[in-house]
Every structure is written in structure tokens, then in C-alpha cells.
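A short worksheet on the structure shown next.
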Amino acid sequence: MCGIFGYIGKRTDAGTIVIDGIKNLEYRGYDSWGIAQRQGNLIIVEKNTGKISDVDTARFHQECSAAIAHTRWATHGGVTQLNAHPHTSSDMHIAVVHNGIIENNELLRKNLQEKGHIFLSDTDTEVIPHLIEEEQKISSDFASAFQRACKKLEGRYAILAMNTKSGSLVAARKGSPLIVGVAKDQGYFIASDIPAFLNYTRTVHYLDDGEMLVTDGSSILFADLESGKEHPKRHIKITRTVEETQKGDFDHFMLKEIMEQKETIARAVNQNEEQIRTIADAIKNAQGTFLAACGTAHKACMAAEYFFSVIVQHHVNVASAGEFKLFHHFLKPESLLIVVSQSGETADVLEAMHIAKLKGAKVLAIVNNEGSTIDREADFTLSINAGPERAVASTKALTGQMAVLMLIAYTLAGKLHEGKTLLLETGSMINDMLNPRYLERIKALAQTLKEEEDCYIIGKSWNFPMALESAIKIQEVSYIHAEGFAAAELKHGPIALIEENTPCLVLVGNDEVTVDIINNAIELKARGAKIIGVGPARHAVFDEWLKVPDVGPAQAICNIIPIQILAYYLAVERGKNPDLPRNLAKSVTVK
Ligand code: AGP
């Protein structure tokens, strides 16, 4: 996944606008960066490997009224300067930035090479400017040449292209996000996500799949990519503020977003009750309810499987969205698919939605990013209202997702207000728990663990998905090899991994399975493990104990929070940047 951003309009500091703006999209990919500025009849390109946050914006103050920029997460082609975007046509009159994957790029490249085009990179993207250049030989109009070129592309893309001859910017999207910021007195901002231009405007147009736009900076046209037919497009006012997208007093977004859980549980629970009841009825009446998501969001769905079983004895089927394709045999028009996604742009989740829709099933989306593709393509949507989540490691979104799913389970059981009360009380206890002393306690624990290369996490019931989620958190920001297990599975193999002082985190509640998991912890201890308990009560087997409130069925929501904090401090203690972990990106918009 990558970040793209362009500006065109009356201002003459387009270079600094797009460099500053693309820095706010760094979470989308950060292995290399680039900018193309239109200077008269020339396009000036600068690009390099490394993080855009290390680039001095002041270097781009040249007089310029149109520019595009890119921050990359490499898919096709390694991390090199030549593979960084923008990419240009042979005559250097066209520059392109792209987010997505052009699946037929090899055939297109071969055909273009046979026509004399020379390629400098080994990316899929580079075929785009050359294809437009070739189409302009048929008709020089940039927008129609761009449209014809896009129709030859297969795959997912958000493309932004600039041309010195026409003096316009064109863009199109198919499967990857693109949003237009409109500032009447300044011009147009076109970006993968809103933080790129939030300093200039909160009036936006969301580009839909199969749509394109053309703008010369003083006006803008939207059209259907297939037919080229223009159509009007309503804009909307967004409420997100600049502050919400900045770090504030925190060193990293990850810690800021962990701490925001002091109020995000309550915000997640603050749903339209009529809408929640409608969704609960849809689940009750569906012939098969499926939950699909990726990564952390998938662990929220796994926890929900226990919520629906224990709270309302209703069977739901959970799948990783990337695996959902093989379950289409079970889907029928009366089925219901619930997808959960923080970004609302995850490719595998979008594919699961399309599979369900092909079978006539209805789709409910639980998202955080309103206006995202998943939000707009679902039949109905619930927002977790967590506010922007910028850190690659998902934290407040997870607990918000679990809160919404638990509220739906309680509503299905006819106990909406009981569930709302439990979750609001849980949020209030988390608010008390997240205090400076608690952070210091966990930071001290991280200091004792920072040299470890392996650690294991066990859980039972809804704490089993949290054991898997704990592993994701620790892996992705500290690079420690962490693995989560269902506690009962230890004796069937993994316990062979335990050596003297192997750190083992044990996630417990105060419920019917506590005795079982404490016994599992004793078995680990007997083989030399260092037992770090996370739960409402201390047990003799614990060498360390991270106390959390006792909140019954909501225990999973509490238990994961000290692990999030531990993962954060492990990363910091190991000299890593928890906001921008290696090899990862915030939203995986490619399959
Ligand atoms: C979680 O910390 C990771 N960043 C990743 O697993 C993430 O949860 C997954 O890619 C799903 O993203 P989404 O919620 O935006 O769909």
C-alpha cells in the first residue's frame, strides 16, 4: 500500500504543499518517496529511498502550481531510487504516482518496449505513463488518453497523473482509495487519505471505483472511467480535525492511540439503538452469519465468535478474509457477511465482500474510516467512532471493534442495555487503569524482556484470540518472535519450546475457564518458564502480574491493553519506531 497526493491551483507553493501533505500519509508506506513538480513546460522529478519524514520540505519552495508526490510500500520491484515514484513517460511530459498493483503490467511493458519505449525501473507502475504517452499519439487530449490507458489496466489502482502540455491533473481509482479536497480559493488536493490536505480544507469528494477526474486547478470534472460520461458529484464536509491526526504530547501515535482507549470504548458503544436492533434482527433472520477480516480485526471477529456463543448461543462462522473465498459454497441470498476493518480499504476484505454480493448475501461493515471503500460498498455500516488510527499497529480500533460486536451479541440476546452498561463500565475502568503509574510498571517489565528473542502467549475462550493478537502486536513493532496459543494446545506440541526463563504471558479472567488456564501455566512453570500473568487476580504461579479490571464477558477488551503497552515499550526499548515498523503498512490494499 502507498500514499499518493497531488495539488493543482492558484497557489505557487505546490511543492511544499505536497511534500508536507505526503508526510501525513507516511503510515501508508515508507520505504521510499518522490515528487514531480510542473515548472513551465518541464516536469522536475526528485525521488529517493528512505522515509519522507526525513526530507526537508523547505527544499521544495520553487514557484510551482501543480505537483504530485508519493510515499511507497514496495510491491513490484525492490526498494531502490529508480523504483520510487513518480514515474515518467519517455518524453518526460507525463508523471504518474500510483497505489495498487497492475496485474497485466508484464504484457503491457512488452508491447510498449516493442514500440520503442525504454523502462528505467522494474515496477508495475512505470507502464502507466508510457501507456498514456502512446494513447496521446492517437488523440492528444490528455484526459481521454488517460481514460483509454486506464481501461487497459487490470488490477487495483489509484492513479494520479500530471501532464505539462495540458496543464491538468487527472486521476482514477479502481479498488484503492482516492479523495479530493476542495478549497475554493486555492484549488484541488487529491490524496489517498484526508490527513494529506486537512490543513487546507475539510470539504471533500470521495472518488468511487470506476470513476476518474480532470482538473486544471480552477474547476473539476468527474466522469465514468468506462464511458467517459461526466456526472455531477456532491461534496461532503468532514468533521475530523487536524489535532486528531497529530501526535499531540505523545512520542508516537501508537501510545497516543492506546491512551485514547480511555474514551474510545464509550464512543464505540454510543450507537443508534434502532440501527443496532436492525442488525441484530438481520443476524437472527440470516441463514448463516459469517465474519471476515484480516490481522487484528480478524482477532476481534474470533473473540466475537465466543461472545455470540456465550452471550446469546448464536452460531457465527469466522474466517480470515484472505481465506473466505473457499467458503462461498455456504453463501446464499439469505446469508449475512459481517466484515470488520479499521481502514475500510483492505483488499482481502473487499474481495470477501464481492464474493458475498455475487451470492446475493447482504454485507454489514464495521469500520473506523468513514467514507472508505468498504464503508461505501456495504449494505449497512457501523462506525466504531475511534477517530483516526495512524499507527500501523492497530490498538484502539481492536477494542472498539470488540465492543461493537459484543453490543450486537447482547442486543441479539434482547439485552442491549445490559450490554451497553457492561461496556460503559469497562470503558470507565480502562480509563482508571490507563494512568502514568501503570505505564511505568509495564515499561519496567519491558526493560527486563527487551533482550528476549522469543516469547509465548496463552489464552482460553475469548482470551485465545487475544493471545494471537498479543503475538501480532509484539511481533510487528518489536520484531521479537512472539507466538500465541490456545492454552489447551500447549501439551500437543508447543510446550517443547519452553526452556529456562522463557517468557510466557498468560491471559486470564475470573470465570469458568480460569482454573484450566492456571493449570496450563503451572505446566509451563514446571518447565522453567517465566510466567507473566494478565488478569483481575494474582495467582501463585505468576512471577509477574499485570492487573486488569474484572469485567466478565468483556475481559478480552481489558486484557489486551497491557499487552499493547508492553509491545510499545518493547519496541522503544529495542530502538525501533513503533509507528513505522519495517515491512508493514497501515492498510493492506493489495492482495
Ligand atoms: C494490526 O496491528 C495490523 N496493522 C494489521 O494486522 C491490520 O489489523 C490488518 O491489516 C487489517 O487492517 P484493517 O483493519 O484496516 O482492515
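Counting starts at 1 for both ligands and their atoms, in listed order.
Within the set V340, T296, V339, I366, the minimum heavy-atom distance to atom 5 (C) of ligand 1 is found for T296.
Of the protein's non-hydrogen atoms, the one nearest atom 16 (O) of ligand 1 is T346 OG1, 2.5 Å. The protein heavy-atom contact nearest to atom 9 (C) of ligand 1 is C294 O, 3.8 Å. Ranking the protein heavy atoms by distance from atom 15 (O) of ligand 1 puts S343 OG, 2.7 Å first.
Of all heavy-atom pairs between V392 and Y30, the closest is CG2-OH, 3.7 Å.
The aromatic rings of H85 and H70 lie parallel to each other, with less than 30° between the two planes, well short of the 60° mark.
Considering backbone and side-chain atoms together, K473 places an N or O closer than 3.5 Å to an N or O of ligand 1. Residue contacts with ligand 1: E476 is placed with a nitrogen or oxygen under 3.5 Å of a nitrogen or oxygen of the ligand (distance criterion only).
A salt bridge between K325 and E351 is present, with a side-chain N of the basic residue lying under 4.0 Å from a carboxylate O of the acidic one. Classification of K586 and E389 as a salt-bridged pair holds, one side-chain N sitting under 4.0 Å from a carboxylate O.
With ring centers used as reference points, Y568 lies under 6.0 Å from H252.
T71 contributes a side-chain N or O that, together with a main-chain N or O of G29, makes up a donor-acceptor pair within less than 3.5 Å.
Not a single heavy atom of E345 sits closer than 4.0 Å to an atom of ligand 1. Under the 4.0 angstrom criterion for non-hydrogen atoms, S587 is not in contact with ligand 1. Ligand 1 lies out of reach of V349, whose nearest heavy atom is not under 4.0 Å from it.
Contact annotation: the side chain of I102 approaches that of Y157 to within less than 4.5 Å [non-hydrogen atoms, C-beta and beyond].
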